[in-house]
Amino acid sequence: METVPPTTCGSLLRELQIIWDEIGENDSERDKMLLQLEQECLDIYRRKVERTRKYKADLLQQLAEAETEIAGIASALGEGFSSFSRGRGTLKEQVGAIKLILEELRSKKREKLKEFSEVQSQIVSLCSEIAGNGQSKSYVDPEINERDLTAKKLGELKLHLQELQTEKHLRLQRVNSNISLIHELSVVMSVDFLKTVNEVHPSLGDPKSGPSRCISNDTLAKLTGVIHSLKQSKQERLQKLKDLGKKLTDLWNLMDAPADERKRFDHVTRLMSSSVDEVSGKGCLGLDIIEQVEVEVERLNILKTSKMRELIFKRQTELEEIYRGVHMDIDGDAARKTLTSLIDSGTVNLSDLLSSMDDQVTEAKEQALSRKDILDKVEKWQFALQEEKWLDDYERDDKRYNAGRGAHKNLKRAEKGRVLVTKLPAMVENLAAKVKAWESERGITFSYEKLPLLYTLEEDAKLRLEREEDKRKSREQKRLQEQLASEQEALYGSKPIAKKPLGQSNTLLGTPGRRIGTPGRYGFSGSKDRRESVRGPNIIPVNYVALPKDDSASKGAA
């Protein structure tokens, strides 16, 4: 096979010359066509040179842009490419070398951007959780600044992320602590816990939510408000139960309720001495408990009126017994009529009336206690008066010395009675001094059996003087009778038998009867008529005849 020689510009020109010779072109046409061919070749070379020049410029531009991008990436990454050199070689070699470096830096930048994006996303998420939905942009810009991807900037972001994570942890602790406190308060007051926390935020009621619970400022503020409200409600319910418990206790005490009835409300009465922080029992402050106590208080209040009436009259009876026990005057019938009128009128508070009766009983007990010492002395004084009366009767008995059953006991009693009677004046004086001191201290009269005790003592003293005078006159009369009997015996030689006047008894010759024996209703029994009745008449024998007396007899009678 024959080899075809390569086509060149010279071979083409020779072929063209042959064709022109065959055609018969003149030289001018030939020169014109050759000039045209030369011009077209120049144009082709010129365009080729321009394209090549532009390509070179493009390579230089690529080198410059690559250098600029390398410098920017290096600056953003904080790497030391400030003394970067293109190196030696053709432009294509330089472009190839710089592309390798640029690709490496771009890869590092992408990794940095990814790392920055992850940190930034976590920051945005945490800020969103802390601020609440729709508020994250006010805390952090989600755009990444690609001009600053240095390790320092990444460290700052990571530090900020760590701070936010710490803040989230603290907020979660606060949220969980608040939820636990709300749960405790809800248990104590029988409040629906889930409903309460779900009203704050739905994530709070789900125990599986854990770290995903809402920790925003708004949530924390609402939780704080719920806790404050529950604590205030707890305080109010506890105070209400304390007030109801006091009413319940007062009503129980008022109506002497049995222990079994009181035991049903031990869980309420135990709260009366408890503080708010000490109350932690399940359901102990529930509305059902409060309602139960309110119903019981209302029931007892209905029974209170009839019971109060009974207790008021019971206190009146107690008051009368105290006064009677210490010999004080009290008009029980009038007091009962007054109490009945007050109760039936409905204008007086029965509790206040009962309290007033209790105060009167207390005052009566105090007064009775203050009178005890004086009443003991009055009792001793009355006993001495009884012994004095017995002694007077005993001494008037002519057969008191006869041997008989019980005679020696009477003798001993008489001896003791005489000793006791000698102490009567001092006893009365001491008793009077005690009474005066008592009256001076309290500014009231010391009454005994409706009479002032001092008046009774003064009357007794007067009667005692009268009795002493009667005894003196009796002794004088007896002496005169004995003297007359002696004179008759001397004149007639025998002792006349004295005859008793009609209606006269043996006891009239003795000591007059006493005014005070055993105490009666109005103090010590006695009257003017009785004093007159015990005064014996001037006793003169019925067979007495007045005889002339000598001077000596007259002097003796005188």
Side-chain angles (χ1 to χ4, degrees), residues 1-20 25 29-124 137 140-161:
M1 185 175 180
E2 188 177 356
T3 305
V4 179
T7 301
T8 61
C9 287
S11 63
L12 289 174
L13 182 59
R14 282 191 299 271
E15 185 177 357
L16 184 61
Q17 288 291 346
I18 294 171
I19 295 171
W20 281 341
E25 286 288 346
E29 289 293 332
R30 291 183 181 189
D31 292 338
K32 186 178 178 181
M33 292 181 68
L34 286 173
L35 184 62
Q36 187 179 358
L37 285 172
E38 185 179 358
Q39 187 64 39
E40 290 178 356
C41 287
L42 285 174
D43 292 338
I44 291 172
Y45 275 109
R46 191 179 289 110
R47 287 195 296 272
K48 187 63 175 178
V49 170
E50 288 295 331
R51 284 196 296 270
T52 304
R53 187 181 290 115
K54 185 177 183 302
Y55 177 61
K56 177 183 177 182
D58 290 340
L59 291 177
L60 291 174
Q61 180 67 28
Q62 289 179 18
L63 284 173
E65 290 177 354
E67 287 177 351
T68 302
E69 188 175 353
I70 287 173
I73 294 174
S75 175
L77 297 177
E79 297 187 6
F81 284 91
S82 58
S83 60
F84 172 75
S85 176
R86 298 180 183 180
R88 295 179 181 181
T90 63
L91 289 177
K92 286 185 176 182
E93 291 174 350
Q94 293 179 21
V95 169
I98 204 170
K99 280 184 177 180
L100 293 175
I101 297 173
L102 183 59
E103 188 63 32
E104 182 182 356
L105 288 176
R106 284 175 177 173
S107 177
K108 288 183 178 180
K109 181 180 179 180
R110 284 193 298 271
E111 292 177 359
K112 284 285 186 179
L113 283 173
K114 182 179 179 182
E115 192 173 358
F116 267 80
S117 178
E118 290 176 355
V119 175
Q120 196 86 340
S121 297
Q122 294 182 50
I123 290 175
V124 170
K137 291 184 179 180
V140 64
D141 186 0
E143 295 291 334
I144 299 175
N145 184 9
E146 296 185 6
R147 295 181 180 181
D148 190 1
L149 300 176
T150 61
K152 180 181 178 182
K153 180 64 175 179
L154 183 60
E156 291 176 355
L157 289 176
K158 287 184 176 180
L159 181 62
H160 183 44
L161 176 61

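The figures here come from the full heavy-atom set of this structure, side chains too, leaving out hydrogens, waters and symmetry mates. Positions are given from 1, in the same order as the sequence printed here.
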Rounded distance (nearest 0.5 Å) linking atom CZ of R106 with atom CD of E69: 3.5 Å
Is it true that a side-chain atom of E93 and a backbone atom of T90 form a donor plus acceptor pair closer than 3.5 Å? yes
Locate the shortest heavy-atom distance separating I123 from L157; write the atom from each residue and the value. CD1-O, 3.4 Å
Electrostatic pair E50-R53, nearest N-O below 4.0 angstrom: yes
Evaluate I73 against K108 for side chain to side chain contact (heavy atoms under 4.5 Å, CB included), listing each step before the verdict. CA-CA 9 Å; I73 294 174; K108 288 183 178 180; over 6 Å; no
Closer than 4.0 angstrom, basic N to acidic O: yes or no for K54 and D58? yes
Calculate, to the nearest 0.5 Å, the distance between atoms OG1 and CG belonging to T68 and L102 respectively. 10.5 Å
Mind checking the CG-CG spacing from L161 to L154? Nearest 0.5 Å is all I need. 10.0 Å
At their closest point, which heavy atom of R30 faces which heavy atom of E25, and how far apart are they? NE-O, 3.1 Å
Minimal heavy-atom distance between V95 and L59, with the atoms involved, is CG2-O, 3.8 Å
d(K92 NZ, Q62 CD) to nearest 0.5 Å is 10.5 Å
With a 4.5 Å limit on heavy-atom distance, are the side chains of L60 and Y55 in contact? no
pair R47-D43: side-chain heavy atoms closer than 4.5 Å: yes
Would you say S121's side chain and S117's backbone share a donor-acceptor pair under 3.5 angstrom? yes
What distance do C9 atom SG and L16 atom CG have between them, rounded to the nearest 0.5 Å? 12.0 Å
Derivation and outcome, side chain to side chain contact (heavy atoms under 4.5 Å, CB included), residues M33 and W20: CA-CA 11 Å; M33 292 181 68; W20 281 341; 3.7 Å; yes
Take a 6.0 Å sphere around CD of E15 and say whether it holds more than 12 heavy atoms from other residues, nucleotides or ligands. no
Within this structure, what is the CD-CD1 distance for the pair E103 and I70, rounded to the nearest 0.5 Å? 11.0 Å
Less than 4.0 angstrom from a charged side-chain N to a carboxylate O is my criterion; do E104 and R110 meet it? no
Can you find a side-chain donor-acceptor pair between Q122 and E118 that sits under 3.5 Å? no
Just so I know, are the side chains of L13 and T8 near enough to count as touching, which here means a heavy-atom distance under 4.5 Å? no
Side-chain heavy atoms of I98 within contact of E67, under 4.5 Å: yes
